[in-house]
Trainee: 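Take a look at the following structure, please.
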There are 2 protein chains.
Amino acid sequence: MKGLIGVLGGMGPAATVDLFNKFVTFNHANKDQEHIPLIISSIPDIPDRTEALLNHGVSPLPLMEDYLQRLEVAGAECIVIPCNTAHFWFDELKKSCHVEILSIIEATMNEVISTQKNKIGLLATDATMHMGLYQQSIEDQGLICIKPDNENQKMIMKSIYLLKSGEFSLAEDIMKKQADILFSNGAEIIVLGCTEVPVILSNEVKSHPDKYIDSTGALVRAGINWYKKRIGKIN
Amino acid sequence: MKGLIGVLGGMGPAATVDLFNKFVTFNHANKDQEHIPLIISSIPDIPDRTEALLNHGVSPLPLMEDYLQRLEVAGAECIVIPCNTAHFWFDELKKSCHVEILSIIEATMNEVISTQKNKIGLLATDATMHMGLYQQSIEDQGLICIKPDNENQKMIMKSIYLLKSGEFSLAEDIMKKQADILFSNGAEIIVLGCTEVPVILSNEVKSHPDKYIDSTGALVRAGINWYKKRIGKIN
């Protein structure tokens, strides 16, 4: 199958469902056969990324490499990874892989830049914050990154782990408040820089799509673009 | 990864998203690592199943066998296929595969039998109807199968193909009417015997879960059960 996209998912599974759903709904197709071909690994035993980076937890890299290789063996010609924190290991993953990997950070930043906004709010995991995965790119563009303070960051992590355990409503209440705080602190738009966050804030993003940059959505649009180039539909 | 379940999907992609979402939401998990491990093929160029069976279209079997093999190579220990019509080729697929395949028809019929209802409505594709995939199992149990007449069956196919082209609302209006007709003709419960139908009727099933047997849901429950046995959590 020409243009098969491999999804290194399971980090977490609900975020991988969200990415898959966006691949199906963002791409206009008149029949099954016009949809984007995907092979998706949602093998969730990959050690927690934030735990590894901030609390000396087990590294997720060996299992990510293992599952990446399975996708390659199954015929993937390009890889997407619906987990922002996992992009800390992006360079290592690229080295262990023989096909292209699209970066969620790069795809998201391209959409941030195109909004021409100046003050960029950020909702992400502790580890993504700590490693500056977005902050550095935002500041490299001469833009201002509006981040939560330590107490609010704790609430964001609480919300993310609530979703991972299936507690959608409570996760939503907490995260919505955190988005409001970033707006009241001057953010013009907010980057949803953890793939659980667009799931948690799905109702809010539906009501106010212009206020958010959804990293999962950005990655899907980059993936669809890659596919259309691959099959010769666009240059 | 012990107990990896392979999903032979893409028939169609929205139905595969629905199955994946049900694997994530039906299984109670407190963290990523407790979710069911899945490897999902959503490669949608498999020729249309109904076209093949009723209009001398290209057989989907060779590509289904190809993608099944990719799942095996990637490490799948058990296969589920979220497409009822594809189960016409169940025996051939089983022969070409070295691991267990769970039948959506068997999983669904087990749930039908456990309701102890007598008059079973059926919403399915033309091909599933024509091949008697459910009708025979229902009648073998001494139950009565309530089917749409020819004109109504055309509307059901219209609704299914509308969903495949992304037209959710129109698909929903049409299918809801067809469900009502089956109830007014005496059906006590309705088997959603095409994996697009639980997607189309998602709002209705949420409001009245006891009126429907969702074939996708039944397959997911069978898959979770298989997994728990495999990892030794249940006997």
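Hydrogens, waters and symmetry mates play no part in the numbers below; they use all other heavy atoms, side chains included. Residue numbering restarts at 1 for every chain, and letters A, B, ... go by the order of the sequence lines.
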Trainee: Based on non-hydrogen pairs under 4.5 Å, which of G9(A), G75(A), A29(A), G166(A) is most in contact with chain B?
Mentor: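 Among G9(A), G75(A), A29(A), G166(A), the one with the most close pairs to chain B is A29(A).
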
Trainee: Heavy-atom count around N150(B) CG within 6.0 Å, excluding the residue itself: above 12?
Mentor: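 Open: at most 12 neighbouring heavy atoms sit under 6.0 Å from CG of N150(B).
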
Trainee: Count the heavy atoms belonging to other residues, nucleotides or ligands that lie under 6.0 Å from CD of Q33(B), then report whether that count exceeds 12.
Mentor: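 More than 12 within 6.0 Å, yes.
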
Trainee: Is L4(A) close to chain B through its backbone or its side chain, or both, or neither, when contacts mean heavy atoms under 4.5 Å?
Mentor: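 Only the side chain of L4(A) comes within 4.5 Å of chain B.
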
Trainee: Hey, which of I39(B), L162(B), L71(B) has the most heavy atom pairs under 4.5 Å with chain A?
Mentor: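 Looking at each of I39(B), L162(B), L71(B) in turn, I39(B) comes out on top.
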
Trainee: Could you tell me the separation between the CD atom of E34(B) and the NZ atom of K164(A), rounded to the nearest 0.5 Å?
Mentor: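 That separation rounds to 12.5 Å.
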
Trainee: Side chain, backbone, both or neither: which part of Y67(B) has a heavy atom under 4.5 Å from chain A?
Mentor: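 Side chain only.
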
Trainee: What are the two closest non-hydrogen atoms of F20(B) and P13(A), and how far apart are they?
Mentor: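 It is CZ-O, 4.0 Å.
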
Trainee: Top residue by heavy-atom pair count (under 4.5 Å) with chain B, among N21(A), T25(A), V7(A), I5(A)?
Mentor: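 Of the candidates given, the most pairs with chain B belong to N21(A).
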
Trainee: What are the two closest non-hydrogen atoms of P37(B) and P44(A), and how far apart are they?
Mentor: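 Heavy atoms only, the tightest pair is CA-CD, 3.7 Å.
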
Trainee: Give, as side chain, backbone, both or neither, the part of I46(A) having an atom under 4.5 angstrom from any heavy atom of chain B.
Mentor: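 Interface part for I46(A): backbone (N, CA, C, O).
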
Trainee: Which atoms of T16(B) are under 4.5 Å from chain A, going by heavy atoms: the side chain, the backbone, both sets, or neither?
Mentor: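 For T16(B), the contact with chain A is made by backbone and side chain together.
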
Trainee: With only heavy atoms counted, which part of F23(A) is less than 4.5 Å from chain B, the side chain, the backbone, both or neither?
Mentor: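 Answer is neither: F23(A) stays 4.5 Å or more from chain B.
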
Trainee: Please state whether the side chain, the backbone, both or neither of D66(A) comes within less than 4.5 Å of a heavy atom of chain B.
Mentor: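 Nothing of D66(A), per the 4.5 Å heavy-atom cut-off to chain B.
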
Trainee: Working to the nearest 0.5 angstrom, can you tell me the gap between S42(B) OG and H35(A) NE2?
Mentor: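 Going from the OG atom of S42(B) to the NE2 atom of H35(A) covers 8.5 Å.
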
Trainee: What are the two closest heavy atoms between V17(B) and V24(A), and how far apart are they?
Mentor: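 So the two residues come closest at CG2-CG2, 3.7 Å.
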
Trainee: Between D32(B) and R49(A), does at least one N-O distance fall below 4.0 Å, as a salt bridge requires?
Mentor: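 Answer for the salt bridge query: yes.
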
Trainee: Taking M11(B), E167(B), H28(B), R70(B) one by one, which has the highest count of heavy-atom pairs under 4.5 Å against chain A?
Mentor: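 Answer, by heavy-atom pair count under 4.5 Å with chain A: R70(B).
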
Trainee: Identify which part of I36(B) has an atom lying under 4.5 Å from any heavy atom of chain A, answering side chain, backbone, both or neither.
Mentor: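 Backbone only.
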
Trainee: Quick check on D48(B) against chain A: is it the side chain, the backbone, both or neither that has a heavy atom closer than 4.5 Å?
Mentor: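 Backbone plus side chain of D48(B), per the 4.5 Å heavy-atom cut-off to chain A.
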
